[in-house]
Amino acid sequence: MEHNFGQHSVPAPGSFDKSRVLNIKPIRTLVPVFPSPSNPSSLSNPNGGAPFVCVSPSGPYPTGVEPLYPFFVSPESQRLSEKNAQTPGGRHVPTGPISNAVPINSFRTPTRDTNGDVGSSRGKNKNGGQFTEEDGYVEMNEVDADDGTGDGSHKRKSGRQGRKSKGAGGASSNANPEAVANDIFKSINPLVFDVLSQPDGSRDSVTYTLLVYEVLKRKLGQLEETARDIAGAKRPDLKAGALMLTKGIRANSKKSFGAVSGVEIGDIFYFRIELCLVGLHAPSMAGIDYIGSKISQEEEPLAVSIVSSGGYEDNVEDGDVLIYTGQGGANKEKGASDQKLERGNLALEKSMHRGNDIRVMRGLTDLAHPTGKVYIYDGLYKIQNTWVEKAKNGFNVFKYKLVRCPGQPAAYMIWKSIQQWTEKKAPRTGVILPDLTSSAEKIPVCLVNDVDDEKGPAYFTYSPTLKNLKPTAPMESFAGCSCIGGCQPGNHNCPCMQKNGGYLSYSAMGILADLKSVVYECGPSCQCPPTCRNRVSQGGLKIRLEVFRTKDKGWGLRSWDPIRAGTFICEYAGEVIDNARVEELVGENEDDYIFDSTRIYQQLDIFPSDTEAPKIPSPLYITAKNEGNVARFMNHSCSPNVLWRPVVRENKNESDLHVAFYAIRHIPPMMELTYDYGTVLSLKAGQKKKKCSCGSVKCRGYFC
DNA sequence: TTTGATCAGCTGTAT
DNA sequence: ACAGCTGATCAAATG
């Protein structure tokens, strides 16, 4: 960690160590209490099935329920966290009692309705019978989700945990989003909560938080399409965020200056609420986050972070400088006015004098989806200057000049470089081949080496598709759908959608909606057009990829474009072979490019039911040794950012099974794409384990 | 739309 | 008088 403030920093004699002072704030509101689970009866489900018993800490508690927080810290994990707090040098970092934490002021306590409200609100929603029908679809999907575990532990607890909302006549107490959230939360590996409950965030806590958020948001998005009248489903992103915050599934809930543990410079985000969930920037919309704002007191408000949405950008082409416009002066009803030196503006002003670091998020329009934005965490800046300016509308606005602290890894600069390459203003250095695919793909994939003298990978034929020379008959005959205009959400008659549990596999943006083990796409026997939303993996490459020379892993794959979690990246092309041929190739030591669906792997350790290999109609082996696409260059990692899913395309006459790769999380440009190769159940004759050099903390040491 | 900051008002306790 | 909590209001601008 480069910006290690606090405990270790020794102030120079006579100097005033500001960071030391800035890092500590008095408690202003409720601090979470983490009872030890020493009394097992206090858990409503000892197996960790229901970690979220939500009770107001002040009571009263229903019978059998004791004051519990959403997650607990077991004595073991507490010891673990203390151990983990040892620095590599062996120095012990005191983790400190939890009461030293500075919770974000509005850290909310989970609530639970204890009165008889439940029945009435449900009854209200059920009238008319329409809800019952939708409810049926929810149930169907739950059955599907339960598929992995097989046991009946996922019984839905009909929504008791409605967040009280003012007004709206209780309409928002509709159980569905909460019920969906509870089901997802319940399926989370309990160990995750140990990680999340540690006062100091970690990379894992950030990763887990964002992963749960993704799963929940996409599920709510699916719901919204089929049942638009569900309260809170209009904005699945906000609803998912709100549910996470209420349940305390977040990282770094205390607001602090400087670096945020577990968040790395260059990390990208697609929703403002994500910044809140990981502790980068608390306000869901406002651009300036600050603390301590008692104006009249001697205590000064100080800014901790800003989000530059790019709207005001004053064309400073230097990527290390940002001109930021203050907030306010744009009231919708009262019209425009001068900005005032208060709130965020005042905090920035004070921060300039104090010289504290400001976290900066750069917002850009997402080129893949121009309606959306992508936010880049660009590290720490200092405010160098401020002035007042007349805006175009004639009113005064505050301007702040921020300069990036030196010595930080490039983040926003990478984006600027790529933009230059795209606009041909600057050449990509080290290009060996401008298009590795020889136009076999719709967009070029360049081959780059700016590391050593290697001139390129061994010869192979680029083929964007999967070749199955001996196709077998499908396990069940299927006629396909007849959605002439493309499959539409809510069409209960579409057989392809029914196969996916009543929903479309992909969102309107082409994001994989569900982590279920098999994706059923439309195929040759369907009547929908190639543009159908349920054919995402058939459209070829959409992301600008490059094959590049890694430092120690041969050739690898990465992207010029940012990749949003759930995005389809590519399929594994090559030649389908049978088990006998696999054994032959292994014997000849020619198994480097074999994709083997029967390997055991752990795709997402956050959902225990997901640790098994996906259930595939039949084992699938693909060799890309002589013929293949970009996927053959993707390296293994024990902490991957990409996963694969079996994709079945509807085809009457033959089995049409493919392997498709999707982003697990948001992947910044130029970050290597990796997936977990998994491990074979038993080594074949002549097969040996390959040493892994992924460098991850969780590295297993080998793969094969 | 939601969140977080702020303010006004309330309550019980200490002075 | 004061701390601490609760509910109402406000500002911010997202997707």
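Numbers restart at 1 for each chain; the letters A, B, ... are given by sequence-line order, proteins then strands.
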Legend entry - Options dT2(B), dT14(C), dA5(B), nucleotide nearest the side-chain atoms of Arg272(A): dT14(C)

Legend entry - Nearest-nucleotide 5' precedence on DNA chain C, Thr371(A) against Gln327(A): Gln327(A)

Legend entry - Shortest side-chain distance from Arg250(A), nucleotide among dT3(B), dG4(B), dA5(B): dG4(B)

Legend entry - Polar side chain donor-acceptor pair, Lys390(A) to Asn396(A), under 3.5 angstrom: yes

Legend entry - Value in whole Å for how far the C1' atom of dA11(C) lies from CG of Leu341(A): 16 Å

Legend entry - Straight-line distance of Asp237(A) CG to Leu216(A) CG, nearest 0.5 Å: 11.0 Å

Inset, instruction - Please determine if Lys373(A) forms a cation-pi arrangement with Phe271(A), meaning its NZ or CZ atom is less than 6.0 Å from the six-membered ring centre and no more than 45° off the ring axis. - result: no

Legend entry - Rounded distance in Å - CG (Leu280(A)) to P (dT3(B)): 18 Å

Legend entry - Heavy-atom donor-acceptor pair, Arg235(A) side-chain to dT14(C) base, under 3.5 Å: yes

Legend entry - Nearest-angstrom distance from the residue atom CE of Met285(A) to P of dA13(C): 10 Å

Legend entry - Which nucleotide in dG15(C), dT2(B), dA5(B) has an atom nearest any side-chain atom of Lys373(A): dG15(C)

Inset, instruction - Could you work out which one of dT2(B), dG4(B), dA5(B) sits closest to the side chain of Ala282(A)? - result: dG4(B)

Inset, instruction - Can you tell me the distance, in whole Å, between the CG atom of Leu277(A) and the P atom of dG4(B)? - result: 10 Å

Inset, instruction - Measure the spacing between OG of Ser205(A) and CG of Leu210(A) and express it to the nearest 0.5 Å. - result: 9.5 Å

Inset, instruction - May I ask you to evaluate whether Tyr375(A) reaches the phosphate of dG15(C), defined as a side-chain N or O under 4.0 Å from OP1 or OP2? - result: yes

Inset, instruction - In whole angstrom, give the distance that lies between atom CD of Glu342(A) and atom P of dA11(C). - result: 9 Å

Inset, instruction - Tell me whether the OP1 or OP2 atom of dG15(C) has a side-chain N or O from Lys217(A) closer than 4.0 Å. - result: no

Inset, instruction - Represent DNA chain B in dot-bracket notation, 5' to 3'. Only Watson-Crick or G-U wobble pairs with both distances under 3.5 Å count; pseudoknot-style crossings use [ ] and interstrand partners use |. - result: .||||||||||||..

Inset, instruction - With heavy atoms under 4.0 Å as the rule, sort Gly344(A) into base, sugar-phosphate or nothing. - result: nothing

Inset, instruction - With heavy atoms under 4.0 Å as the rule, sort Asp289(A) into base, sugar-phosphate or nothing. - result: nothing

Inset, instruction - Can you tell me the distance, in whole Å, between the CG atom of Leu275(A) and the P atom of dG4(B)? - result: 12 Å

Inset, instruction - Sequence neighbours left out, what passes ring-ring contact (aromatic ring centres under 6.0 Å, His included) with His666(A)? Give chain and number order. - result: Tyr270(A)

Inset, instruction - Could you state the atom-to-atom distance from CZ of Arg343(A) to P of dA13(C) in whole Å? - result: 11 Å

Inset, instruction - Look at the aromatic rings of Tyr662(A) and Tyr506(A) and report parallel, tilted or perpendicular, splitting at 30° and 60°. - result: tilted

Legend entry - Options dT3(B), dA5(B), dA12(C), nucleotide nearest the side-chain atoms of Ile273(A): dT3(B)

Inset, instruction - Say whether, by atom type as modelled, one donor and one acceptor occur between the side chain of Arg250(A) and the main chain of Leu196(A) under 3.5 angstrom. - result: no

Legend entry - Between dT2(B) (P) and His281(A) (NE2): distance, integer Å: 19 Å

Inset, instruction - Indicate whether any N or O donor in one side chain lies under 3.5 Å from an N or O acceptor in the other, for Gln419(A) and Lys416(A). - result: no

